[in-house]
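First the structure, in the form of structure tokens, and then the observations on it.
Only heavy atoms go into these numbers, but all of them, side chains included; no hydrogens, no water, no symmetry mates.
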Amino acid sequence: MLFTQLSVLITAGVLIIIGLLAAIFIDNIIKKIIGIAFIEEGVNLFIIAIGYRPGGIVPIIMPNVDKAYYAANAAYPLPFGLVLTSIVIGASTLAVMLALAMVLYKKYGTLSTSVMLSGNSKGEGKDE
């Protein structure tokens, strides 16, 4: 069981590192947005791994369950609630980021962040 939690933590770290590398070093804005989504999912996976309890039971009090047994074996429910909230917020922010990418594409005619940072929009720089 410890191997499972360790492998999940390593996977979460790899997702975060891949997302950081994509968000920092890749020039395409859509790929940067995907990198930010990777970071978010890596953090969610990390939080879930923290709430994992080997041999744990579902954190719902059922009838005829001894309270001492429940307290000793129930998984910690707070991380699961936090991740559920994070997924909803992440979907909303992802939609906003993609909408902003569409607006930037319409303005600059490209998805390259280096072109956007140089300030040249479609039609600028042409003498006619």
## Note on the structure
Scanning both residues in full, the closest heavy-atom pair of Gly90 with Thr93 reads O-OG1, 3.0 Å

### Separation between CG of Asn28 and OG1 of Thr110, rounded to the nearest 0.5 Å
8.0 Å

### Query
For the atom pair CD (Glu41) and CD1 (Ile87), what is the distance rounded to the nearest 0.5 Å?
6.5 Å

### Residues forming a side chain to side chain contact (heavy atoms under 4.5 Å, CB included) with Tyr69, sequence neighbours excluded
Ile57, Val65, Asp66, Asn73

## Note on the structure
Minimal heavy-atom distance between Asp27 and Ser114, with the atoms involved, is OD1-N, 3.0 Å

#### Entry: Reference residue Ile18; test side-chain contact (heavy atoms from CB on, under 4.5 Å); the match among Leu20, Val14, Leu21
Val14

### Task
Would you name the heavy atoms of Ala74 and Pro59 that are closest together and state the gap between them?
CB-CA, 4.3 Å

#### Entry: Minimum heavy-atom distance Leu45-Ala12, with the two atoms named
CD2-N, 3.9 Å

### Message
Please tell me whether Leu104 and Leu117 are part of a single hydrophobic cluster in this structure, the criterion being side-chain heavy atoms less than 4.5 Å apart.
### Response
no

### Summary
Interatomic distance, CD1@Ile47 vs CG@Leu84, rounded to 0.5 Å, equals 12.0 Å

### Query
Taking all non-hydrogen atoms of both residues, which atom of Leu15 and which atom of Gly42 are closest, and how far apart?
CB-CA, 3.8 Å

Distance-only criterion, 3.5 Å: show the donor-acceptor pairs between side-chain atoms of residues 31-40 and protein atoms not counting sequence neighbours.
residue, atom, partner, partner atom, Å
Lys32, NZ, Ala23, O, 2.8
Lys32, NZ, Ile26, O, 2.9

### Task
Would you kindly confirm whether Tyr105 and Met97 end up in one hydrophobic cluster when ILVMFWY residues are joined by side chain heavy atoms under 4.5 Å apart?
yes

### Query
Would Val103 end up clustered with Leu111 when hydrophobic side chains under 4.5 Å apart are linked, directly or stepwise?
no

### Transitive ILVMFWY side-chain link Ile60 to Phe80, under 4.5 Å
no

### Message
To check you understand the geometry: which heavy-atom pair defines the closest contact between Val58 and Tyr70, and what is its length?
### Response
O-CE1, 4.1 Å

### Task
State the OH-OG1 distance between Tyr52 and Thr4, to the nearest 0.5 angstrom.
5.0 Å

### Summary
Rounding to 0.5 Å, atoms NZ (Lys67) and CD1 (Ile61) come to a distance of 5.5 Å

### Val43 reachable from Ile50 in the ILVMFWY side-chain graph, under 4.5 Å edges
no

### Task
Kindly indicate whether the side chain of Leu98, heavy atoms from C-beta on, has any atom under 4.5 Å from the side chain of Ile30.
yes

